[in-house]
Novice: 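I am attaching a structure below and will ask some questions about it afterwards.
Side chains included, hydrogens not; waters and symmetry mates left out as well; all remaining heavy atoms used. As the structure lists them, so they are numbered: ligands from 1, and atoms in each ligand from 1.
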Amino acid sequence: MSSRKRGFLTILLLISAIMLAACKNHQSTKTAAEKGDTAFFAMNTFITLSAYGETVDTALSEAQDKFMELEKLWSVTDEDSEIYKINHSAGKPVAVSDDTKEVIGYALKMAEATDGALEPTLYPVLSAWGFTTGGNRIPDKEELLELLKTVGYEKVMMQGGQICLEERSQLDLGAVGKGYAGDIIAELLRENGILSALLDIGGNIQMIGKKPDGEDWKVALQNPFGDGNYGILSVSDCAVVTSGSYERYFVGEDGHTYGHILDPKTGYPVENDLASVTVIAPEGKRSDALSTALYVMGLDSAIEYWRRNAGFDMILVSEDGDIHITEGCYEQFDLGDASGDIEVYVIEKCFDN
Ligand code: AMP
Ligand code: MG
């Protein structure tokens, strides 16, 4: 064969190879867009997962199993759970799984980082208000002062794979568990080949990648004063988590409204100048921990915290209905139809000397 003919044949083979590869790619993008959904109740909340990819059915079924497993480990009421065992250990060390060790370790780290605004040992006080079991009541001040003696993240010790909690103290992972679970599930889905997914874990929204069409996900932000949404965020590959008293509360015999997020310093439900806090961060655990902690801090301290700490953005809705949004997510935010006379303030990372 002449060298010209050989050259021609090589080019032909190359073109065929490229066409075959293109065909294969085309096939895989087609199957990668296969959608699966699942909805179930776990960890005391309603969970819906939507994912796209060839392996979506097995991935979602594994995700649901994992949620059930985490619920069994972290429930405060299930006598077989690891958290229950720690809470009833009378000060003795308890061996726990890696997942439990890690979520507790993270909660302790964030408790310290937020100067105790996030407080994982609030369970006795939450119980006194009836937030853990239903049957809400208003405890008196003396009762709260007595219970507050059992509260403090420094009362939890981690020794290797064991957790040691001071006698009478009790853990509640309500403020970080769902976010942490979101990270574990997102990782599990990724390992199963899922490149695009939307997880709604009781209002915690966590996303893997972008939508299959390459667009950002649209996340609606709930109006803390009533029905509907006050805005839409266009985001991808992150977790959007909101905290506010409006999510769970009871009206006492005195006609006053008591919310489920407590100020760990007083033992009373938070009542400050914030109606809701939404945090946007790459990880669910960070968004979840911070949304609760920043809500406890109030408007000015939350802004100060954001200026001193990198790695997240936030949207604060104040009690007077204004929106304070950090510069990092302002471009991705759209006010809803109900904008009316809402003022929007952009928080900048300026440092005054
Ligand atoms: P979240 O909805 O993530 O803001 O978490 C609120 C839940 O965390 C409550 O329902 C309680 O179970 C628990 N909790 C309430 N106040 C605090 C607090 N200051 N720190 C940690 N957990 C809290
Ligand atoms: Mg939280």
Side-chain angles (χ1 to χ4, degrees), residues 43-47 71 74-77 81 83-84 87 103-104 106-134 136 139 144 147-148 150-156 169-183 200-206 222 224 239-250 258-272 274-281 283-298 301-302 305 312 314-317:
M43 301 181 80
N44 249 338
T45 198
F46 200 62
I47 297 172
E71 172 175 40
W74 299 345
S75 162
V76 274
T77 48
S81 86
I83 295 298
Y84 189 94
N87 285 351
V103 71
I104 294 175
Y106 187 73
L108 296 177
K109 182 179 126 185
M110 290 308 289
E112 196 174 355
T114 60
D115 199 18
L118 182 87
E119 178 47 78
T121 64
L122 266 177
Y123 188 69
V125 188
L126 287 161
S127 297
W129 286 95
F131 281 119
T132 52
T133 51
N136 292 114
L144 288 176
L147 289 173
L148 280 175
T150 69
V151 171
Y153 60 90
E154 71 287 347
K155 298 177 191 298
V156 192
S169 296
Q170 292 190 310
L171 292 170
D172 171 88
L173 300 177
V176 282
K178 285 191 286 172
Y180 209 100
D183 292 335
D200 181 343
I201 308 163
N204 284 20
I205 306 295
Q206 186 145 359
Q222 201 184 327
V240 178
V241 179
T242 301
S243 288
S245 292
Y246 72 97
E247 293 175 306
R248 246 174 80 205
Y249 58 86
F250 74 96
Y258 296 94
H260 70 129
I261 301 178
L262 306 183
D263 181 342
K265 292 198 170 73
T266 64
Y268 279 91
V270 168
E271 277 185 46
N272 58 24
L274 288 177
S276 77
V277 174
T278 297
V279 172
I280 305 111
E283 292 174 307
K285 61 184 179 189
R286 188 156 169 77
S287 296
D288 201 356
L290 284 176
S291 65
T292 312
L294 297 171
Y295 181 73
V296 173
M297 288 181 200
S301 301
Y305 187 91
F312 73 99
M314 63 182 186
I315 305 175
L316 312 174
V317 180

Novice: Flag the pair Arg286 / Val279 as yes when at least one side-chain heavy-atom distance between them is below 4.5 Å, and no otherwise.
Specialist: no
Novice: By number and element, which atoms of ligand 1 are closer than 4.0 Å to a non-hydrogen atom of Ser243?
Specialist: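 Within the 4.0 Å cut-off of Ser243, ligand 1 contributes 1 (P), 3 (O), 4 (O).
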Novice: Which bit of Val241 gets closer than 4.0 Å to ligand 1, counting heavy atoms only: side chain, backbone, both or neither?
Specialist: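 For Val241, no heavy atom sits under 4.0 Å from ligand 1.
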Novice: If you take all heavy atoms of Gly152 and Thr121, which pair is closest and at what distance?
Specialist: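 Scanning both residues completely, I find the closest heavy atoms to be N-OG1, 2.7 Å.
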Novice: For the backbone of Thr150 and the side chain of Ser169, can you confirm whether one donor and one acceptor N or O come within less than 3.5 Å of each other?
Specialist: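 Pair found, side chain donor or acceptor close to backbone of Thr150.
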Novice: Can you pull out the closest protein heavy atom to atom 16 (N) of ligand 1? Residue, atom name and distance to 0.1 Å, please.
Specialist: Leu262 N, 3.0 Å
Novice: N/O of Glu119 under 3.5 Å from N/O of ligand 1, yes or no?
Specialist: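 Yes, at least one N or O pair falls under 3.5 Å.
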Novice: A quick test of your reading: do over 12 heavy atoms of other residues, nucleotides or ligands sit less than 6.0 Å from OH of Tyr268?
Specialist: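 It does: Tyr268 OH has more than 12 such atoms within range.
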Novice: Is the backbone N or O of Val270 less than 3.5 Å from a side-chain atom of Asp263, with the two atoms forming a donor-acceptor pair by type?
Specialist: no
Novice: In the protein, which heavy atom is nearest to atom 18 (C) of ligand 1, and how far is it?
Specialist: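 For this ligand atom, the closest protein heavy atom is Leu122 CD1, 3.4 Å.
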Novice: Between Tyr295 and Ser245, do the side chains contain a donor N or O and an acceptor N or O under 3.5 Å apart?
Specialist: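 On atom types as modelled, these side chains qualify, holding a pair under 3.5 Å.
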Novice: Give the residue, atom name and distance (to 0.1 Å) of the protein heavy atom nearest atom 1 (P) of ligand 1.
Specialist: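 I find the closest protein heavy atom is Thr292 OG1, 3.3 Å.
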Novice: Quick check: does Ala175 get an N/O under 3.5 Å from an N/O on ligand 1?
Specialist: yes
Novice: For atom 3 (O) of ligand 1, which candidate among Asp288, Asn44, Ile261 holds the nearest heavy atom?
Specialist: Asp288
Novice: Is a donor on one side and an acceptor on the other found under 3.5 Å between the side chain of Glu119 and the backbone of Gly116?
Specialist: no
Novice: Is Pro264 touching ligand 1 with its side chain, its backbone, both, or neither, if touching means heavy atoms under 4.0 Å apart?
Specialist: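 Pro264 to ligand 1: side-chain contact only, backbone stays beyond 4.0 Å.
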Novice: State the atoms of ligand 1, each with its element, that fall below the 4.0 Å cut-off from a heavy-atom position in Leu126.
Specialist: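 Matching atoms, with element in brackets: 11 (C), 12 (O), 13 (C), 15 (C).
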Novice: Using a 4.0 Å cut-off to any heavy atom of Arg248, which atoms of ligand 1 qualify?
Specialist: 10 (O)
Novice: Does the side chain of Asn44 pick up a donor-acceptor pair with the side chain of Glu71 at under 3.5 Å?
Specialist: no
Novice: What closest approach, in Å, do Ala239 and Gly284 show between heavy atoms, and which atom pair accounts for it?
Specialist: CB-CA, 3.5 Å
Novice: I need the atoms of ligand 1 closer than 4.0 Å to a non-hydrogen atom of Val296, numbered in the order shown.
Specialist: 19 (N)
Novice: Less than 4.5 Å apart, any side-chain heavy atom of Ile261 and any of Ser243?
Specialist: yes
Novice: What atoms in ligand 1 come closer than 4.0 Å to a heavy atom of Asp172?
Specialist: 11 (C), 12 (O), 13 (C)
Novice: Is the Mg ion (ligand 2) less than 2.8 Å from an N/O/S atom of Asn204, whether that atom is in the backbone or a side chain?
Specialist: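 Not a single backbone or side-chain N, O or S atom of Asn204 is under 2.8 Å from the Mg ion (ligand 2).
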Novice: Report the part of Thr132 in contact with ligand 1, treating N, CA, C, O as backbone and CB onward as side chain, heavy atoms under 4.0 Å; options are side chain, backbone, both, neither.
Specialist: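 None of Thr132 does.
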Novice: Within a distance under 4.0 Å of any heavy atom of Leu118, pick out the atoms of ligand 1 and give their elements.
Specialist: 20 (N), 21 (C)
Novice: At under 4.0 Å between heavy atoms, which part of Ala117 makes contact with ligand 1: side chain, backbone, both or neither?
Specialist: backbone
Novice: Over 60° means perpendicular and under 30° means parallel, so tell me whether Phe250 and Trp129 are parallel, tilted or perpendicular.
Specialist: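 Correct class here is tilted.
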Novice: Please verify the inter-ring angle class for Tyr305 with Phe312; under 30° counts as parallel, over 60° as perpendicular, anything in between as tilted.
Specialist: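 Aromatic pair Tyr305/Phe312 classed tilted.
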Novice: How open is the angle at the Mg ion (ligand 2) from atom O of Ala175 over to atom O of Asp288, rounded to 10 degrees?
Specialist: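 If I round to 10°, I get 90°.
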Novice: Heavy-atom distance to atom 6 (C) of ligand 1: which of His260, Lys178, Glu247 wins?
Specialist: His260
